[in-house]
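All of these numbers come straight from a predicted model, not from anything done at the bench. Lettering of chains follows the sequences in order, A, B, ..., and the numbering in each one begins at 1.
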Amino acid sequence: MKILIKNALITNQRSPFNGQRKDLLIEDGIISDINTAIATDADKIIDSPNLIVSTGWVDVFAHFNEPGYEHRETIETGMEAGMAGGYTHLFLVPNTNPVVQNKSIIEFIKRKAVGKPVNLLPIGAATKDTEGKDLAEMWEMHQAGAIAFGDGLNGIQSAGLLLKALQYIKAFDSTLIQLPIDKSIGTHGLINEGIVSTQLGLPGMPSVAEHIVIKRDIDLLKYTDSKLHITAVSTSESLKLIKAAKAEGLHISCSVTPYHLFFSDEDLMEYDTNLKVNPPLRTKKDVEALRNGVLDGTIDCIASHHFPQHWDNKSCEFEYAKNGMLNLQTAFNVLLTALPAISVEKLVEMLSDNARKLFNIPTSTIEKGAKADITLFTNTGNTIFTKESNKSKSQNSPFFDKTLNGKVVGTIYNNEINLTK
Amino acid sequence: MKLSTKHLLGIRQLLKEDIETILSTATQFKEVLQRPVKKVPSLRDITIVNLFYENSTRTRISFELAEKRLSADTVNFTVSGSSAAKGETLLDTVNNILSMKVDMVVMRHSASGAPHFLAKHIPAAIINAGDGINEHPTQALLDAFSMIEKFGSLQGLKVAIIGDIMHSRVALSNIYLLNKMGAKVMVAGPPTLIPKYIAEAMNVTVEYDVKKALQWCDVANVLRIQLERQNQPLFSSLREYSLAYGINKRLLESLGKDITIMHPGPINRGVELDSDVADGNSSIILHQVENGLAVRMAVLYLLSNRD
């Protein structure tokens, strides 16, 4: 297949064409030419105003619910949502049923992406059944293609076990992904503990439940000299801790969800169950700190925390509603709406470059002869996410019918092309 | 007379004028309740369902009696013995009931925000009869009515709310109401039962010493220890709670001044309140119950949109 991309701004630091507007010709999945005004026939011509091209985007934390919970999402529908969101690489959490904890489930997931313009990268469970008691067979999962390890939605509670997991993965240079929450604090909490939770009469989850886990994990990281990625940082204090640990030279990185950059707990005044998430939406001050954390480099990447929920788990009393929201398809738009002044370079770092470096994803460049692993988008214009355009099997998004900044035009990966309408 | 809102979800959503309207309407209904014939035809042909997802004695009886005094048709629903016990969702239950042409729903529920959820999905007027640890607006209104009856006004009145503030919907509704009406509010109790952010969130002062709170206040609204809502150890034992925070006659006498004692009920006698205080001269607890009926009649009447 021959694809001609017209007049796109190449944003890829490793590319000799970085920062230049060029035409790109892609033949059979390989970038065969980059030039000013390529005149040739093609099976597909992509010509969009203000088009930008970067290496394909990477999401480091999404839940596709298959196997086990296919009524919420399947790998098929999840991939569709990811592609529509501009992603070519998707990390999947292990909290399926059965849990992603052996070679065959890793292979089952990876097989689903064959022939698709997207690469599925399962996160292997760090502990058996993600119960936080015994180590899972991480070495074999690594051989089978697990991108990283962690218990996904269940942050590892035991310090001793986390220490062993961090040590264990050093043998194959992997990374542990941790969701930092101490479950013994604010155990029955439903939203961030603060002024809003008090005014709404909802049990609170104190932000300290996040800080003490990050503090502890940093100490364990120092001890083990391993690699740790904290996902869904949600408070300003967490960022301070991570920033200091980075300054010490530890192999620590972190990601933020698009919604923690967009909403604060003040948006919960009407008990909107779509905004019930874990970690919870924090205060406006935290949102401000997280936005700065993106801009100043403390935060390395965006993690969608795409968690589809069946409608009856959201159309109910707030207390009984389950955590999570759809995010893959809107992550870029939400990021750009929360941070409208963000530079294109920063966007690409957050959505692609940093995650590739941190997790050793074979890096692609945009140059002649390279395999095409690219995302096409514009940071101008806007997107209205609707129930009709939604690719996920579930509908738990607070962004329906909202006008969001930017547009994903399409992705090319694995000699396949996916264009959004 | 009309309220600014279609539902009574909480005091938080009410304007000061709404509160005044409800209280003055309640005064008229209280007069009705003194008559030999206590029934008025105000809500004839209005159907009200009392939806009680959680146990209740006085609130349920009070609402039902208020509805009957207003000549409304009433249906009672309790969770045991209904399809909710079989796992039917709240929305399905209510939609089924509404298809039988119900005009108003009075709901008690163990989840904060449950009536707000319902209000978004169904057309009937909803009256919150207590939701989780959020609000219990008619309790706050009847407390206000009782205090005004005794003191004439709430302006500048010093009210101490004492006990399990964290698990109390009565506390939150009272604080909202008292602040809107110009009273001064203090909350007192063990630190584990007082929400950390309550001072800034709700504009109240916090006191951990019950005696100091009693010395400061004109009215002490004593709350029940909500043993059924506590799922973590928040204090050591009822014995120690009673020793440190319980209110007894000797403590009251040591204050050197008279204060008024209120309690939303049911009382854990000998825990937060001794019997000789609960039944003593400074207590207006039974007035509260009596006034509850008039206040609930006022709320039902005003939200029925019958002029």
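We find the CD1-OG distance between B:I133 and A:S197 to be 8.5 Å, quoted to the nearest 0.5 Å. Expressed to the nearest 0.5 Å, how far OH of B:Y197 lies from OG1 of A:T283 amounts to 8.5 Å.
Heavy atoms of other residues, nucleotides or ligands lying less than 6.0 angstrom from NZ of A:K183 number more than 12. The 12-atom threshold is not exceeded at NZ of B:K184, counting heavy atoms of other residues, nucleotides or ligands nearer than 6.0 Å. Within a 6.0 Å radius of CG in B:N55, other residues, nucleotides and ligands contribute 12 heavy atoms or fewer. At most 12 non-hydrogen atoms from other residues, nucleotides or ligands lie less than 6.0 angstrom from CD of A:E270. When the shell of 6.0 Å around NZ of A:K133 is examined, it contains 12 or fewer heavy atoms from other residues, nucleotides or ligands.
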Test side chain to side chain contact (heavy atoms under 4.5 Å, CB included) on B:R12 and A:M269; report intermediate values, then the result. CA-CA 11 Å; B:R12 177 162 70 88; A:M269 294 310 277; 3.4 Å; yes
Please lay out, stage by stage, how B:K196 and A:T198 fare under the test side chain to side chain contact (heavy atoms under 4.5 Å, CB included). CA-CA 9 Å; B:K196 180 174 159 64; A:T198 311; over 6 Å; no
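In the model, A:Y271 has a side-chain atom that pairs as donor or acceptor with a side-chain atom of B:N134 under 3.5 Å.
Counting only distance, with no hydrogens or angles, the side chain of B:S112 and the backbone of A:L202 share no donor-acceptor pair below 3.5 Å.
Note on B:E200, B:H116, B:E135, B:K120: by heavy-atom pairs under 4.5 Å with chain A, the leading option is B:H116.
Both the backbone and the side chain of A:P203 have a heavy atom closer than 4.5 Å to some heavy atom of chain B.
With respect to A:E317, the side chain to side chain contact (heavy atoms under 4.5 Å, CB included) criterion is satisfied by exactly one of B:T89, B:D131, B:L90, B:L91: B:L90.
Residues B:S110 and A:Y320 approach most closely at OG-OH, 3.2 Å, considering heavy atoms.
Side-chain contact check for B:L172 versus A:Q199: every heavy-atom pair is 4.5 Å or farther apart.
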